[in-house]
Amino acid sequence: MGFATDCIHAGQEPDPTTGAVAVPIYQTSTYVQQGIGQHKGYEYARTQNPTRRALEKNLAALEGGVDAYCYASGMAATNAVLSLIKGGQRVVVSDNVYGGTHRLFTKVLADYGVRFAFLEASDAAAFDRAAGEFQMLWIETPTNPLMKVCDIAALAEVAHRRGALLVVDNTFMSPFFQRPLALGADIVVHSTTKFLNGHSDSVGGVAVVKRTEHADWLRYVQNAAGAILSPFDSWLVLRGTKTLALRMPRHEENGRGVAAYLRAHRKVRKVYWPGFPDHPGHDVHKRQSSGFGSMISFDLGGRGAAEALLAKVKLCSLAESLGGVETLISHPATMTHAGYTQAERDALGIVDGMVRISVGCEDSEDLIADLERALQSV
Ligand SMILES: Cc1ncc(COP(=O)(O)O)c(C=O)c1O
């Protein structure tokens with residue numbers, strides 16, 4: 001089936017009891033048994049829930065995996081995937097991932113003896129020379145918030161030559177634009193909070209896998225650790241993915257317009273958007289993705305200027321998060337990347353004047369008018 005058809009139908013048979021077209025919210029904690037061990041495949045709702053299962057099948061189809069497991073947040077999905085790694089093993093991470101990922105790795109999991117190294121990964125050959133041995137490579141592409149592009153196929157080869165796994169956080173692109181498993185990645189992670197749900201009304205996460213051994217382990221961890229996605233959140237995300245193929249082109253069209261507007265503005269020093277032909281890694285991104293998305297970062301030259309803009313925007317909401325139909329604007333240094341130290345942010349180039357915008361599905365002229373008015377006070 002085509003992608004849009006899968007968005008609407010994959011994992012979603014009409015309800016066997018009533019024929020309901022929309023998968024019901026199975027809001028139950030447990031399931032009655034006819035006798036000891038005699039049940040319909042459902043024993044307890046942490047372990048199995050039909051609404052969550054429908055979403056998992058849907059997302060597995062969209063990312064082209066053998067299976068998927070949904071968790072209470074993107075971070076819970078990340079944590080579950082890291083349980084494939086044991087104390088003493090080494091994980092290499094592309095160098096400007098989401099601040100929460102950096103925080104989990106350096107402040108929590110490092111204390112369990114997992115070794116982490118953060119490396120520039122946009123040049124796969126240089127990365128290969130510098131990386132040493134590792135058991136897992138964790139990347140985002142484009143990275144958050146600098147939009148550095150990593151070559152998924154080349155890095156899969158680098159990881160696999162070491163017998164390691166490649167995990168891609170595909171939150172920024174969604175499977176509509178980019179399908180890392182087909183490019184060689186072993187596991188894809190999403191914060192479903194973002195484009196997959198698309199409406200800024202649910203927090204969740206998913207890990208999609210290519211191998212049944214990983215599916216078995218992640219299902220086991222989902223039940224053992226219990227950070228499950230609720231039935232209602234599962235239903236919201238299922239509702240969101242139905243329109244993914246409609247929303248993403250609109251996000252991108254608006255993103256393109258806003259990126260071009262910002263780039264032409266005299267008060268904007270630099271715009272980071274992979275769709276610009278002179279953006280580093282543009283050609284790689286074009287080869288491995290079918291679009292450039294609507295995540296844009298730009299530098300206004302100093303914290304005061306960023307604060308002035310963020311205080312004046314009205315239609316663009318100053319908020320953490322991204323990927324909703326409404327445009328969200330944020331300040332990476334104090335919001336999404338506050339988990340990095342000032343020195344780490346300086347080294348990466350996450351400057352205090354940087355603003356990140358997740359362009360929504362409004363009328364682009366309204367967004368540009370809002371930015372135009374706010375930029376006057378910068
Ligand atoms: C790229 C990326 N990955 C993971 C996460 C974590 O997801 P959640 O907030 O659902 O835990 C985020 C959250 O902003 C993100 O932007």
Side-chain angles (χ1 to χ4, degrees), residues 55 59 63 68-82 91 93-109 118 121 138-150 152 167-175 177-178 180 185 187-208 222 225 227-230 232-234 236-237 240-241 251 272 274 289 293-297 317-324 326 328-340 348 350 354-360:
L55 173 63
L59 296 177
E63 283 287 3
Y69 292 94
C70 287
Y71 299 86
S73 65
M75 290 320 306
T78 299
N79 197 40
V81 170
L82 262 291
V91 178
V93 187
S94 63
D95 71 358
N96 69 114
V97 288
Y98 167 59
T101 304
H102 181 268
R103 180 174 51 209
L104 174 69
F105 291 179
T106 58
K107 303 284 192 314
V108 181
L109 299 178
F118 292 79
W138 181 285
I139 64 168
E140 290 177 18
T141 179
T143 61
N144 183 358
L146 293 163
M147 311 296 161
K148 286 192 201 170
V149 175
C150 300
I152 297 172
V167 184
V168 179
D169 180 336
N170 201 28
T171 300
F172 268 30
M173 284 292 106
S174 91
F177 286 132
Q178 182 169 276
I187 299 176
V188 163
V189 166
H190 280 273
S191 166
T192 60
T193 315
K194 313 298 184 326
F195 289 104
L196 291 176
N197 179 52
H199 294 77
S200 303
D201 53 13
S202 160
V203 170
V206 66
V208 190
Q222 189 188 43
I228 49 165
L229 191 64
S230 78
F232 183 53
D233 285 289
S234 300
L236 282 171
V237 182
T241 57
H251 276 293
Y272 301 83
S289 313
S294 64
M295 295 304 301
I296 302 164
S297 300
S317 304
L318 172 59
E320 303 247 8
S321 204
L322 59 109
E326 52 287 285
L328 301 179
I329 195 161
S330 65
H331 185 236
T334 56
M335 296 168 86
T336 49
H337 288 69
Y340 284 72
L348 289 168
I350 304 175
M354 180 175 274
V355 172
R356 193 190 74 184
I357 185 164
S358 164
V359 181

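Counting convention: from 1, in listed order, for ligands and their atoms alike.
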| task | To the nearest 0.5 Å, tell me how far H102 NE2 sits from D95 CG. | result |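 Output value for this atom pair is 9.5 Å.
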| field | Atom pair OG1/CG of T193 and D201 - distance to nearest 0.5 Å | value |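 Here the rounded value is 10.5 Å.
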Would you say ligand 1 has an N or O under 3.5 Å from any N or O of [X]?
X    : value
M75  : yes
T193 : yes
S191 : yes
G74  : yes

| Shortest non-hydrogen contact between A76 and S73, atoms and distance |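 Looks like N-OG, 3.0 Å.
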| request: Write down the atom of P332, the atom of I350, and the distance for their closest heavy-atom approach. | output: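 P332 and I350 have their closest heavy atoms at CB-CG2, 4.0 Å.
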Between [Y] and [X], is there a side-chain heavy-atom distance shorter than 4.5 Å?
X    : Y    : value
P142 : M173 : yes
P175 : L196 : yes
L109 : N79  : yes

| query | Can N197 and T192 be counted as having a side-chain donor-acceptor contact under 3.5 angstrom? | reply |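 There is no such pair between these side chains.
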Starting from [atom], what is the nearest protein heavy atom, named by residue and atom, and what distance separates them?
atom                    : answer
atom 6 (C) of ligand 1  : Y98 CE2, 3.5 Å
atom 4 (C) of ligand 1  : D169 OD2, 3.5 Å
atom 13 (C) of ligand 1 : K194 NZ, 2.7 Å

| Proximal atoms of ligand 1 relative to S73 (non-hydrogen, under 4.0 Å) |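 Close to S73: 10 (O), 11 (O).
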| request: Find all atoms of ligand 1 within a distance of less than 4.0 Å from any non-hydrogen atom belonging to L322, and give their numbers and elements. | output: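 Numbered from 1, ligand 1 contributes 16 (O).
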| field | Any G204 heavy atom less than 4.0 Å from ligand 1 | value |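 For ligand 1, residue contact (heavy atoms, under 4.0 Å) with G204 is present.
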| said: With the threshold set at under 4.0 angstrom, would you say T192 reaches ligand 1 through any of its heavy atoms? | reply: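 Checking ligand 1 against T192, which is what was asked, there is no heavy-atom contact under 4.0 Å.
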